Number of protein chains: 2
Amino acid sequence: MTIREVAKHAGVSVATVSAVINDNKYVSDELKHKVLQAIKELNYRPNRWAKSLATGKGYTIAYIVPDITNPIFSRITKGIQGVANEKNYSVILCSTNFDSPTRRRYVDWILEMRVDGVVFTGRHGRESLTEITRLQDAAIPVVTALAPSDVTDMDRVLLDDRESSRLAVRFLKESQCQRIAFVGVRQSTTSKERYRGYSDEIADYCPEQVAYGEDFTWDDGYQAAQQLTKNGALFDGVFAASDIMALGVIACLKEHGRDVPEDVQIMGFDNTYAQWSGQGFASMSIPAFEIGVKAAQMLFDRISEIEIPGMQELFMASLAVPRVRPSLNPNLNLNLKE
Amino acid sequence: MTIREVAKHAGVSVATVSAVINDNKYVSDELKHKVLQAIKELNYRPNRWAKSLATGKGYTIAYIVPDITNPIFSRITKGIQGVANEKNYSVILCSTNFDSPTRRRYVDWILEMRVDGVVFTGRHGRESLTEITRLQDAAIPVVTALAPSDVTDMDRVLLDDRESSRLAVRFLKESQCQRIAFVGVRQSTTSKERYRGYSDEIADYCPEQVAYGEDFTWDDGYQAAQQLTKNGALFDGVFAASDIMALGVIACLKEHGRDVPEDVQIMGFDNTYAQWSGQGFASMSIPAFEIGVKAAQMLFDRISEIEIPGMQELFMASLAVPRVRPSLNPNLNLNLKE
DNA sequence: CTGTTAGCGCTTTCAT
DNA sequence: ATGAAAGCGCTAACAG
């Protein structure tokens, strides 16, 4: 079903059909009606490929993300989708599973597909940088979301992990914790930032007590707590770099006969589990959806014009206190709304 | 950068360039080398639009899903991506937020983009059916994943909710529960199936005790448990239609002074939270990743040929027992691996 | 106002 | 073994 057939069926020229489809030229009501009629009857749909080829506009953006399964990232995705769809763009999802070759192949595709722009989430680092550069060399706008990096002249939206962590620790302090420990991930930039916030806030309050795992997992949280306990550390509060780690910590502490939150209070980060686990620990809620929205907006700004170099947007995580009883404090979980 | 420029640069014809790019015609080593050289030097990438227009192949599939934020769905997505990428297809993500107009607009797009095939997840129902039909009318293959429906001549992969639920309840029975209650969602087909499994299994074991919420949420679980308690129901086991509901149930029971799992054992479904919550309840793990893989494979089978009508694949959920201590039973969480 | 027509970048006969 | 040329379906001058 082509535009030509529609034209024939309606007894007009292809140009007229095109004009009514795109609504960008004056067409008499009569012809317009005929054309619309023909389109209905033939169940015609313009071919996007041809259109893109002719116009040079593809109306697609891509989202490169390490793991779509991560709730934070899937919420970002949702945010991106929302604004893209509003502008009649589609988004191609590129979940790389933290694998460089996969990431590279995606970038190849993106280049071939003449995608209009890319949102990028991922560990910062040399390899990511390479891909981003390839994109930019091809004049494809890129904005990074939650991808801390030293490259400063890049459009990006990030989370103020350090400052957010200070809020977290402050809450622990206000909850009467005297000695607060930190549980993080050794090689993670993100964890490092969260540690710095912890460190800032704890400076002249109590001695630092930290333990690390290799990854943001339950097991690593568990083991870090084990370590803490083994070292005979004294603490009545723990700030963990993620909720899932916090849960590992809690499990370990309970095995050691320490009650949560009676004996020791826990603070997580992410608010992916805290609110619902029933373990009564607080967490820092990441405005992931909003981050996705903002990233997409920046991308479209960049696509449509604008030569401003290095736009940047900084988000803060917000405190999410554990809900006690749903009926008693219905307002507590505002952060979970999307 | 077009194929013509490459040809000029290499001193050959466009046909030759095309031939070496697609590796589908004999080209002398010498020319081949020249062409490759030129491609490198000019940093040339074939234009997908033009290629698709010329060949009629788009190498994209779409995944229509109600909410990418749902862990089960995002795992399905991951499965689909995996097999699609292997075949050099990209996948366009269409997260509809359970909104019909949005879904409709996505289908419009899909139609225009001449997508090769669609995987569909969603509530079954008239509206979904309409969209699926629109797709099929345009000769676009569709396979549904986790979208129970009465239409039998459709390619689909589903979960045997009923049988899986029997396994769940059986586990509760084997754990010495004498009286098992069910907590579900009133209008949900899925919940209905899970109830049937419960009912089957409980038939000549103990009286049925059921309570419903309106949705798969913590609050609805909490309230259903409330209801159960208020009715003075006697139970030492609860099978909840989802983990998040199970957590609501647990919270409620604890408020009523009943210990979990000492006084009453809980069984969830999904295994999205059970394993990690530290609340010591079991759950049924949905092989979501595998479901995605299978759905994509079926789709590609259908795309590439095959007139078999109504292929169908049935998956079972598997029991995931709560981990006690990571060090003690390292094999327990096999189900969580992806 | 409407129609003709020359591309957009690539593939693919069909000659050579 | 290689090249010339005719489309793929649509848009956008340009004529009329």
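So that the names make sense, note that chain A is the first sequence line, chain B the second, and so on, each numbered from 1. Given the structure is predicted, the values throughout are model-derived calculations rather than measurements.
- Side-chain contact between Leu36(B) and Val20(B) is present, with heavy atoms from C-beta onward closer than 4.5 Å.
- When distances are taken from the side chain of Val14(B) to each of dG9(C), dT11(C), dT4(C), the shortest belongs to dT11(C).
- Side-chain contact annotation: Tyr59(A) with Lys51(A), donor-acceptor N/O pair under 3.5 Å absent.
- Using a 4.0 Å heavy-atom distance criterion, Thr2(A) is classed as a sugar-phosphate-only contact.
- Atom OG of Ser52(B) and atom CZ of Arg114(B) lie 11.5 Å apart (nearest 0.5 Å).
- Distance CZ (Arg114(A)) to C1' (dG9(C)): 9 Å, rounded to an integer number of Å.
- For the segment residues 21-47 of chain A, residues with any heavy atom less than 4.0 angstrom from an atom of DNA chain C are, sorted by number, Tyr26(A), Val27(A), Ser28(A), Leu31(A).
- Between the CZ atom of Arg4(B) and the P atom of dG7(C) there is a distance of 10 Å, given to the nearest Å.
- In this structure, the side chains of Val91(A) and Thr60(A) stay at 4.5 Å or more apart for every pair of heavy atoms.
- Among the nucleotides dG3(D), dG9(D), dT11(C), the one closest to any side-chain atom of Lys51(B) is dT11(C).
- Lys57(B) places its NZ atom 12 Å from the P atom of dT12(C), with the value rounded to the nearest Å.
- One interatomic measurement links the two molecules: CE of Met113(B) to P of dG9(D), which rounds to 16 Å at whole-angstrom precision.
- Of the listed nucleotides (dA13(D), dC10(D), dC8(D)), dC8(D) has the atom at the smallest distance from the side chain of Leu53(B).
- Nucleotide dC8(D) holds its P atom 20 Å from the CD atom of Glu112(B), rounded to whole Å.
- Look at Thr16(A) and you'll find a side-chain N or O under 4.0 angstrom from OP1 or OP2 of dG3(C).
- Checked against the 6.0 Å centroid criterion, the rings of Phe120(B) and Tyr63(B) do not qualify as a close aromatic pair.
- Side-chain contact of Thr77(B) with Ser74(B): a donor-acceptor pair under 3.5 Å is absent, judged by distance alone.
- Asp108(B) is linked by a salt bridge (charged side-chain N to carboxylate O under 4.0 Å, His left out) to Arg45(A), Arg134(B), counting only residues two or more places apart in sequence or in another chain.
- Straight-line distance from the CH2 atom of Trp49(B) to the C1' atom of dC10(C): 14 Å, rounded to whole Å.
- The interatomic distance linking Met1(A) (CE) with dC10(D) (C1') rounds to 15 Å, in whole Å.
- Using modelled atom types, one finds no donor on one side chain facing an acceptor on the other under 3.5 Å when comparing Thr133(A) with Thr130(A).
- Of all nucleotides listed (dA4(D), dT12(C), dG3(C)), dT12(C) comes nearest to the side chain of Thr55(B).
- The C1' atoms of five pairs define one axis at each end of the helix from dC1(C)-dG16(D) to dT16(C)-dA1(D), and these two axes lie 40° apart (to 10°).
- Residue Ser13(B) has a polar side-chain atom (N or O) positioned under 4.0 Å from OP1 or OP2 of dG3(D).
- Computed from coordinates, the Lys8(B) NZ to dG3(D) P distance equals 14 Å when rounded to whole Å.
- Checking Val119(B), Val118(B), Ile92(B) one by one against Ile64(B), the side chain to side chain contact (heavy atoms under 4.5 Å, CB included) holds for a single residue, Val118(B).
- Side-chain N/O atoms of Ser95(B) and Gln81(A) include no donor and acceptor closer than 3.5 Å.
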